[in-house]
Amino acid sequence: MAGKMNEAFIAGREVIEQGEVATYIPELGKANKNDLGICIKTLDGKVFTEGDYQKRFTIQSISKVISLSAAIQICGYDKVFSKVGMEPSGESFNSLVELDLRKNLPFNPMINSGALTTASLLVPYMTFEDMLDYTKKVCMDEDITMNDEVYRSEMKNSSRNRAIAYLLESKGIIENGVDRSLMLYTKMCSMSVTAESLANFALLLANDGVSPVDNKRLIDSRNVQVLKTIMLTCGMYDGSGEFAVKVGLPSKSGVGGGLMSVCDKEAGIGIYGPSLDGKGNSIAGCKILEVLSNKMDLHLFSRTKMDTE
Ligand code: GLU
């Protein structure tokens, strides 16, 4: 396993140059394009790491999985999916074209319009501090904090998300105020995690929502099934279809360079690589997962049991 991970890691490093760090949130533009880290944790307790796996970066869009989990738990499946769809959008993560012209609901909770909607559902029940605590729990990482610089930088440059939120409010989808929803959403995106925290969260999902540390259930089984399915179909922006074919693992990426993947019933993978492809996914992260999936037969529809020797 360690050897195959190393080969995948090297293949990932080779494509870093072909991507760029995100700059539309100026603070993200300060990331080191060449950073790369990976952490894989298996349910039988093995841990494989390489590179910058303990370096902190902002979780960005991966927080959408956490918000969706909390929203279903608190507001219920029916309420959440009366406000947001479950279809891939085929549009970029911050698009509002389809939302305005063709659809009355955000396509899915993994793009900005959908996540602003789940944030608005949470606003009456959860403060950001509550969400931070929840995140620490599911990521098994007590050291997660909000990166204030990134938060301020994004809020100063949030015209597009604000426009999406106002459009949603005009359609009666956002009910609890644009400002409060946008603030909660942006704070969630600004939480600082590591590739290891993401591997922990992915491992929790791989284990059906039961903590592998103390065997306590943190997320209902039915909700975990929903999260993994939506990650598989919508987790990689408008690259989700191709990624599902090539890698075949429920995954979620963020423009901060984070990427998490679930090897169901077996392992969680967390990656940090801030050089992004044109769709906003970690370019090295996608390459690593593609190579790893091929070498280790990890694709959901093809694999045999993972060989960790
Ligand atoms: N905070 C980012 C935004 O709203 C998240 C984008 C992402 O990671 O996809 O644009």
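In each ligand, atom 1 is the first atom listed, and ligand 1 is the first ligand listed. This chain uses plain numbering: 1 for the first residue, then up along the sequence.
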Where's the contact between Val255 and ligand 1, heavy-atom distance under 4.0 Å: side chain, backbone, both or neither? both
For the pair Lys83 (side chain) and Gly172 (backbone), establish whether a donor and an acceptor sit closer than 3.5 Å, ignoring hydrogens and angles. yes
Taking every heavy atom of Ser253 against every heavy atom of Leu259, the minimum-distance pair comes out as CB-CD1, 3.8 Å
Run the numbers for me: atoms of ligand 1, each under 4.0 Å from some heavy atom of Tyr185, listed by number. 1 (N), 2 (C), 3 (C), 4 (O), 5 (C)
Asp277: what forms a salt bridge (Lys or Arg N to Asp or Glu O under 4.0 Å) with it, not counting sequence neighbours? none
When rounded to the nearest 0.5 angstrom, what is the spacing between OG1 in Thr186 and OH in Tyr151? 6.0 Å
For ligand 1, which atoms have a heavy atom of Gly254 less than 4.0 angstrom away? 8 (O)
Decide whether an N or O pair under 3.5 Å exists between Ser253 and ligand 1. no
Is it true that atom NZ of Lys295 has more than 12 heavy atoms of other residues, nucleotides or ligands lying nearer than 6.0 Å? no
Looking at Cys189, which atoms of ligand 1 are within less than 4.0 Å of one of its heavy atoms? 1 (N)
Can you tell me which portion of Glu154 lies within the under-4.0 Å heavy-atom range of ligand 1? Options are side chain, backbone, both, or neither. side chain
Per the side chain to side chain contact (heavy atoms under 4.5 Å, CB included) rule, which among Leu122, Thr118, Ile59, Ile66 passes with Met188? Ile66
Determine yes or no for a side-chain-to-main-chain donor-acceptor pair under 3.5 angstrom, with Ser67 supplying the side chain and Lys64 the backbone. no
Which bit of Thr186 gets closer than 4.0 Å to ligand 1, counting heavy atoms only: side chain, backbone, both or neither? neither
Could you list which atoms of ligand 1 come closer than 4.0 Å to a heavy atom of Tyr24? 2 (C), 3 (C), 5 (C), 6 (C), 10 (O)
Atoms of ligand 1, numbered as shown, that sit under 4.0 Å from any heavy atom of Tyr237: 7 (C), 8 (O), 9 (O)
